[in-house]
Amino acid sequence: QVQLVESGGGLVQAGGSLRLSCAASGRTFSSYAMGWFRQTTGKEREFVAAITWSGGRTYYADSVKGRFTISRDNAKITVYLQMNSLKPEDTAVYYCVADSNPRTVVGGTGDYWGKGTLVTVSS
């Protein structure tokens with residue numbers, strides 16, 4: 001059974017930083033693209049960032065470019081999202097996603113999803 005487990009969410013003041021982690025288990029994710037989405041109450045889930053299996057290419061939503069950085073450690077089977085200069089509008093539940101095809105990760109139709117971790121940014 002494939003599992004993705006997010007951690008690192010919490011409460012932070014505007015302008016602060018958080019690092020989210022997503023640990024994968026159940027199969028070899030070194031060949032999988034991985035990414036992050038977020039969702040707030042009443043809104044659709046939106047793409048945040050993605051990274052190819054090699055880490056050689058990354059993708060970001062315009063709203064987080066220059067503030068968020070996605071990275072991965074295939075030895076630890078973990079993907080990270082470093083979030084800096086956080087804004088109240090970044091408040092959301094953040095979900096990790098994985099798939100063999102990076103396009104499906106970016107498109108939000110990846111095969112595997114975590115249960116999410118809550119990030120709250122206070123003004």
Side-chain angles (χ1 to χ4, degrees):
Q1 181 70 24
V2 172
Q3 282 192 322
L4 300 176
V5 179
E6 303 96 335
S7 62
L11 174 64
V12 64
Q13 288 188 331
S17 299
L18 280 175
R19 189 177 82 154
L20 305 183
S21 299
C22 173
S25 62
R27 65 185 305 156
T28 303
F29 274 87
S30 60
S31 61
Y32 274 61
M34 299 182 73
W36 293 91
F37 274 69
R38 65 187 181 186
Q39 188 171 26
T40 55
T41 303
K43 294 187 177 180
E44 292 188 357
R45 194 172 294 185
E46 68 170 345
F47 170 73
V48 176
I51 187 167
T52 56
W53 69 271
S54 67
R57 294 199 66 176
T58 55
Y59 309 84
Y60 295 96
D62 288 343
S63 59
V64 306
K65 280 181 182 177
R67 299 188 300 122
F68 291 11
T69 303
I70 189 170
S71 62
R72 67 188 295 161
D73 184 338
N74 286 340
K76 296 181 179 180
I77 323 177
T78 300
V79 65
Y80 305 98
L81 186 68
Q82 178 66 43
M83 306 186 295
N84 298 329
S85 303
L86 283 161
K87 305 175 181 180
E89 50 264 44
D90 294 318
T91 295
V93 177
Y94 283 72
Y95 296 91
C96 179
V97 55
D99 196 277
S100 58
N101 187 338
R103 292 185 179 181
T104 60
V105 169
V106 174
T109 57
D111 283 342
Y112 306 107
W113 291 82
K115 294 184 178 181
T117 185
L118 177 62
V119 172
T120 303
V121 184
S122 63
S123 58

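Values below: every heavy atom of this structure, side chains too, minus hydrogens, waters and symmetry copies.
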Closest non-hydrogen atoms of Leu18 and Leu86, given as atom of the first, atom of the second and distance, are N-CD1, 3.8 Å

Nearest 0.5 angstrom please: Lys65 NZ to Thr58 OG1, how far?
9.5 Å

Between Arg57 (side chain) and Thr52 (backbone), is there a donor-acceptor pair under 3.5 Å?
no

Could you tell me which non-hydrogen atom of Thr91 sits nearest to which non-hydrogen atom of Thr40, and how far apart they are?
O-CG2, 2.8 Å

CZ on Arg38 to CG on Asp90, rounded to 0.5 Å
5.0 Å

Hey, which of Met83, Gln82, Lys87 is the one that makes side chain to side chain contact (heavy atoms under 4.5 Å, CB included) with Arg67?
Lys87

Trp36 CH2 to Tyr60 OH distance, which is reported to the nearest 0.5 Å:
12.5 Å

Report whether Ile51 and Val106 are members of the same hydrophobic cluster (ILVMFWY, side-chain heavy atoms less than 4.5 Å apart, transitive linking).
no

Kindly say whether Arg103 contributes a backbone atom to a donor-acceptor pair with the side chain of Tyr59 at under 3.5 angstrom?
no

Specify the closest pair of heavy atoms between Trp53 and Ser31, including all atoms of both residues, with the distance to one decimal.
CB-C, 3.4 Å

To the closest 0.5 Å, what do you measure between CG (Leu20) and CZ (Phe68)?
8.0 Å

Do Val48 and Tyr80 land in one hydrophobic cluster if side-chain heavy atoms of ILVMFWY residues count as linked below 4.5 Å?
no

Non-hydrogen side-chain atoms of Tyr94 and Cys22 separated by less than 4.5 Å
no

Looking at side-chain heavy atoms only, is the closest gap between Cys96 and Trp113 below 4.5 Å?
no

Do the ring planes of Phe47 and Phe37 sit parallel (below 30°), tilted (30 to 60°) or perpendicular (above 60°)?
perpendicular

Min side-chain heavy-atom separation Tyr95-Gln39 under 4.5 Å
yes

Heavy-atom closest pair (Pro88 atom, Ala14 atom, distance to 0.1 Å) is CD-CB, 4.1 Å

In short, Met34 meets Leu4 closest at the heavy-atom pair CE-CD2, 4.0 Å

Could you tell me which non-hydrogen atom of Asp99 sits nearest to which non-hydrogen atom of Tyr32, and how far apart they are?
C-CD2, 3.2 Å

